[in-house]
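Some notes on the structure that comes next.
Note on naming: letters A, B, ... go to the chains in the order of the sequence lines (proteins, then strands), and numbering restarts at 1 for each one.
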2 protein chains.
Amino acid sequence: MPVRNKCCEQWLHGKFKGCGYKVTTGRQAILDILHKANKHLSAEDIYLKVHNIYPAAGLTTVYRTLEILEKMGMIYKFDFGDGRARYELSEGEKGENHHHHLVCTNCNQVVDYTDFIDKEVKLLKETERELSKKYNFSINNHLIQFYGLCEKCKSK
Amino acid sequence: MPVRNKCCEQWLHGKFKGCGYKVTTGRQAILDILHKANKHLSAEDIYLKVHNIYPAAGLTTVYRTLEILEKMGMIYKFDFGDGRARYELSEGEKGENHHHHLVCTNCNQVVDYTDFIDKEVKLLKETERELSKKYNFSINNHLIQFYGLCEKCKSK
DNA sequence: TTTGCAAATGACAACCGTTTTCATTATGAA
DNA sequence: TTCATAATGAAAACGGTTGTCATTTGCAAA
């Protein structure tokens with residue numbers, strides 16, 4: 001029964017209730033995994049890990065939970081080109097942990113980088129403002145990825 | 001028998017031969033479609049259009065051709081989040097036609113924008129240089145997409 | 001032009017990540 | 001504790017994409 005601490009659980013209940021969802025053992029376990037993970041996990045990655053600490057959980061529930069977490073804005077879903085979606089916790093209130101991706105097109109390794117983010121984000125905000133005016137979009141997210149070959153794959 | 005002009009065909013033969021591929025009617029038809037298309041086509045979109053001008057072509061061939069065109073760097077493959085890949089011709093030698101995407105997360109409409117590209121690309125080049133040094137990647141592409149709600153979906 | 005052979009093709013099946021279905025179980029408000 | 005309702009697991013269905021294999025085609029060499 002993987003529950004971290006009361007404070008967090010309270011907060012979770014509030015957040016979930018606000019969106020019309022219930023807090024269940026499975027959902028807590030999945031959030032737990034995502035908090036601990038330092039990589040970009042696929043649904044199956046998560047399923048296998050959840051299964052360790054809470055064997056009753058099924059793959060379907062993992063998919064369903066990821067879907068509502070994304071809808072709630074608590075996680076982001078990425079496509080790195082290997083045919084399965086990857087998930088990671090979204091950054092906190094103040095945008096801490098915000099990063100972009102560097103993807104190896106050969107081995108699919110993904111590097112999170114935060115370097116140069118400030119300059120990038122500044123320009124992005126500006127672009128965002130101009131684009132939303134010109135095209136009448138309300139923009140609420142962006143995706144930046146660089147593609148190339150990592151050190152290993154380069155030397156082959 | 002969809003062949004545009006001799007010059008182009010010559011050039012194609014050279015390009016394909018250089019990569020060890022043959023120029024076939026189906027491949028020419030698919031390139032034709034991509035040239036004429038002003039939208040981001042899915043494999044099935046292309047299949048249906050090719051089927052009109054060259055009914056012998058099958059969906060498998062479309063996928064195989066798209067695969068080699070991507071490998072040759074002649075087209076880019078995108079994921080806009082609707083469960084199927086989208087394809088478009090890559091920009092020319094001098095980067096003309098380079099653009100980024102504005103994606104509606106509700107109706108999946110995609111707007112290509114070239115506004116502000118210059119400033120963006122300048123910063124990107126710089127970032128690219130620094131990232132490749134720091135992480136030992138050889139970077140050869142980037143993806144920038146903004147997500148939000150288009151005019152129609154916003155007002156609902 | 002003809003020939004020969006490797007590459008390309010189409011029909012169809014297989015694949016595999018994801019979603020749906022449905023009967024059962026768990027949550028949380030009363 | 002009770003109860004309506006949301007959440008769940010197992011299994012089947014789904015759908016975009018890839019693999020298989022017998023046949024056809026492109027094209028270089030004769």
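The CG-P distance, from B:L31 to C:dA8, rounds to 14 Å in whole Å. Atom CZ in A:R84 sits about 16 Å away from atom P in D:dT17, given to the nearest Å. Counting to the nearest Å, the P atom of D:dT8 and the NE2 atom of A:H51 are 15 Å from each other. Remark: C1' of D:dT5 and CZ of A:F16 are 17 Å apart, rounded to the nearest angstrom. With rounding to whole Å, A:D82 atom CG is found 15 Å from D:dT18 atom C1'. A straight line from OH of A:Y47 to P of C:dT19 spans 17 Å, rounded to a whole angstrom. Summarising the geometry, the separation between CG on A:L41 and P on C:dT18 is reported as 13 Å, rounded to the nearest angstrom. Atom C1' of nucleotide D:dC27 and atom CD of B:Q10 are separated by 14 Å, given to the nearest angstrom.
Listed here is the closest heavy atom pair of B:L34 and B:Y87: CD2-O, 4.1 Å. In plain terms, the two heavy atoms of A:H51 and A:A57 that are nearest each other are CD2-O, 3.6 Å.
Note on A:T60: every side-chain N or O is 4.0 Å or more away from OP1 and OP2 of C:dT21. For B:T25 and D:dG26, the shortest distance from a side-chain N or O to OP1 or OP2 is below 4.0 Å. In this model, the phosphate group of D:dT8 is approached by a side-chain N or O of A:R27 to a distance below 4.0 Å at OP1 or OP2. The phosphate of C:dT18 (OP1 or OP2) has a side-chain N or O of A:Y63 nearer than 4.0 angstrom. At C:dT9, one or more side-chain N or O atoms of B:T24 fall inside 4.0 Å of OP1 or OP2 (strictly under the cut-off). At D:dG26, none of the side-chain N or O atoms of B:H13 fall inside 4.0 Å of OP1 or OP2 (strictly under the cut-off).
Counting only heavy atoms from C-beta outward, the side chains of A:S138 and A:S132 never approach each other to under 4.5 Å.
Under the side chain to side chain contact (heavy atoms under 4.5 Å, CB included) rule, B:Y63 has a single partner from B:T61, B:T60, B:L59, which is B:L59. Among the candidates A:K77, A:H40, A:K39, the single residue satisfying the side chain to side chain donor-acceptor pair (under 3.5 Å) test with A:E88 is A:H40.
When the nucleotides D:dA7, C:dG17, C:dG10 are ranked by their closest atom to the side chain of A:E44, C:dG17 comes out on top. Listed nucleotides C:dG10, D:dT8, C:dA7 differ in distance to B:K22; the shortest reach to its side chain belongs to C:dA7.
Each of B:Y21 and B:E67 has a nearest nucleotide on DNA chain D; the 5'-most of these lies closest to B:E67. Along DNA chain D, the nucleotide closest to B:G83 and the one closest to A:L59 are compared, and the more 5′ of them pairs with A:L59.
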